[in-house]
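Some notes on the structure that comes next.
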Amino acid sequence: MPKTLVVLTGPTGIGKTSVGIKIAQHFNTEIVSSDSRQIYKELSIGTAVPSKEELRTVLHHFIQSHSITENYNASRYETEALNLLEDLFKKKDIILMVGGSMLYIDAICKGIDIMPDADQEIRASLKKELETNGLESLRLQLKTLDPEYYKSVDLKNPNRIIHALEISIQTGKPYSSFRSNKAKSRPFSIIKIALNCNREILHNRINQRVEKMVEAGLEAEARSVYTQKHLNALNTVGYREWFAHFDGEITREKAIELIKRNSRRYARKQITWVRKDETVKWFSPDQVKEIIEYIEAQIK
RNA sequence: GGUGCCAUAGCUCAGUUGGUAGAGCAACGGACUGAAAAUCCGUGUGUCCCUGGUUCGAUUCCAGGUGGCACCA
């Protein structure tokens, strides 16, 4: 029997969780989450993890499975999720992947080139250098260590330059030598589905969901991880705004307003990413029946 | 009902001594391979309330209308 991974994605707040559960139920299968924040066990309200009822209905993987202290990344996700999929495909022909972390989805569908994890000490020293000497100093280093990547990288983006430098420095080989730019082949076929709706409706949904999160105790949840605010896992919409409030930089109302705005912007960024993928079939969140029909037609 | 003030971008407003306009916020478009809910780049999106008048030319000046606000009745 051929194996198929059905990927369900779309902007935050569109309703992926509930649509995903209906689809998983129909195909009697399990859900592999591709959400870079729902993966953390310390977070639940601000990441909008599925409810206990929802989790009872369909078996979910990679929901609150790791700690914010773990230094997780897309490559680790690729390895772990592929291993899991191999197991799951032994008993199922269709597996549903649900989530909005586009890089994580790409890691599964196309793969990420193999290279070492970034050395945290090197990263820290490069960050320091960025602060004291500025971006130009890092650019010059990159020009020497990896002239090829220097030509194509966004030279205004510190994260990109730092990452290329840290890999080049710790391996002694240019970062670009690790980049194959080739999609890996997978032992399963892939069907990609994305949810979207009218932008104004999406914004209303997002704004209302943030209000509900606040009512559900988002502030207390943020407070509970406040001492670890430096962790990358917490450099996230819904938490960083509270940290700014706790630090006395902004009012509580401003924090909530910014969470709404940043969520809206995040949704737009997600849509931008998915738009360029021509293999994606778009649906509205109320087209569950049509989605199931589409999947069945594709499988045949 | 009378008088005064106001009407410009989605919002708050600036401006044009008459040559069709700009800030903040919001919004929109894009990039993306170990930080990705991250990080970075780009874009004013406009019946200047409506109708007339004056003028080569009106968003700007004048008249009337409409709407809002304030005060007086």
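Chain letters run A, B, ... following the sequence lines, proteins first, then strands; residues in each count from 1. As a basis for the values below, the full set of heavy atoms in this structure was taken, side chains included, without hydrogen atoms, waters or symmetry mates.
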(message) In dot-bracket form, 5' to 3', how is RNA chain B paired? Count Watson-Crick and G-U wobble pairs only if both distances fall under 3.5 Å, and write | where the partner sits on another strand.
(response) (((((((..((((.....[..)))).(((((.......))))).....(((((..]....)))))))))))).

What is the distance, to the nearest angstrom, from the [atom1] atom on [X] to the [atom2] atom on [N]?
X	N	atom1	atom2	value
Q270(A)	C28(B)	CD	C1'	16 Å
I201(A)	A27(B)	CD1	P	17 Å
R139(A)	C40(B)	CZ	P	13 Å

Give me each pair satisfying salt bridge (Lys or Arg N to Asp or Glu O under 4.0 Å) with a member in [range], each pair once, sequence neighbours excluded.
range	result
residues 96-107 of chain A	D106(A)-K110(A)
residues 225-244 of chain A	K229(A)-D247(A)
residues 13-30 of chain A	E30(A)-K91(A)
residues 151-172 of chain A	R123(A)-E166(A)

In whole angstrom, give me the gap between the [atom1] atoms of [N] and [M].
N	M	atom1	value
G67(B)	C50(B)	C1'	11 Å
G22(B)	U43(B)	C1'	15 Å
G65(B)	A73(B)	P	24 Å
C48(B)	G42(B)	P	30 Å
U55(B)	G18(B)	P	16 Å
A26(B)	A58(B)	C1'	31 Å
G44(B)	C13(B)	C1'	16 Å
U16(B)	A21(B)	C1'	7 Å

(message) Checking side-chain polar atoms at under 3.5 Å, does D35(A) have a donor or acceptor matched by the opposite partner on S33(A)?
(response)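 Checked: D35(A)/S33(A) side chains show no N/O donor-acceptor pair below 3.5 Å.
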
Restricting both atoms to N or O, compile the protein contacts to nucleotides 23-26 of chain B shorter than 3.5 Å, with distance only.
| unit_1 | atom_1 | unit_2 | atom_2 | d |
| --- | --- | --- | --- | --- |
| A26(B) | OP1 | R261(A) | NE | 3.4 |
| A26(B) | OP1 | R261(A) | NH1 | 2.3 |
| A26(B) | OP2 | R265(A) | NH2 | 3.3 |
| A26(B) | O3' | R264(A) | NH1 | 2.9 |

(message) I need the minimum non-hydrogen distance between V58(A) and T29(A), along with the two atoms involved.
(response)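 Smallest heavy-atom distance, with atoms named: CG1-O, 3.7 Å.
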
(request) Output the rest of the hydrophobic cluster of I161(A): all Ile, Leu, Val, Met, Phe, Trp and Tyr residues reachable through side-chain heavy-atom contacts under 4.5 Å, sorted by chain and number. (result)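 Reading the cluster by chain and number, I161(A) sits alongside M115(A), I122(A), L126(A), L130(A), L135(A), L138(A), L142(A), L145(A), Y149(A), Y150(A), V153(A), L155(A), I162(A), L165(A), I167(A), I169(A), Y175(A), F178(A).
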
(request) Supply the members, apart from I250(A), of the Ile/Leu/Val/Met/Phe/Trp/Tyr cluster built from side-chain contacts under 4.5 Å; use none for a lone residue. (result) L258(A)

(message) Classify T47(A) by what it touches in the nucleic acid, base, sugar-phosphate, or nothing, heavy-atom distance under 4.0 Å.
(response) base

Under 3.5 Å, which donor-acceptor pairs do the side chains of residues 288-300 of chain A form with other protein atoms, sequence neighbours left out?
none

(message) If the glycosidic angle sits within 90 degrees of zero it is syn, else anti. Tell me which applies to G34(B).
(response) syn

(request) Would you please name every residue forming a side chain to side chain donor-acceptor pair (under 3.5 Å) with E80(A), sequence neighbours left out? (result)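 So E80(A) forms a side chain to side chain donor-acceptor pair (under 3.5 Å) with H66(A), Y72(A), R76(A).
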
(request) Report, as a single string ordered 5' to 3', how protein heavy atoms within less than 4.0 Å touch nucleotides 29-36 of chain B: B base, S sugar-phosphate only, - not at all. (result) BBBBBBBB

(message) Over 60° means perpendicular and under 30° means parallel, so tell me whether F243(A) and F246(A) are parallel, tilted or perpendicular.
(response) tilted

Under 3.5 Å, side-chain donor or acceptor atoms of residues 189-198 of chain A against the rest of the protein: list the pairs with distances, not counting sequence neighbours.
| unit_1 | atom_1 | unit_2 | atom_2 | d |
| --- | --- | --- | --- | --- |
| S189(A) | OG | K3(A) | O | 3.2 |
| S189(A) | OG | T4(A) | OG1 | 3.4 |
| K192(A) | NZ | D277(A) | OD2 | 2.6 |
| N198(A) | OD1 | E200(A) | N | 2.9 |
| N198(A) | OD1 | I201(A) | N | 3.0 |

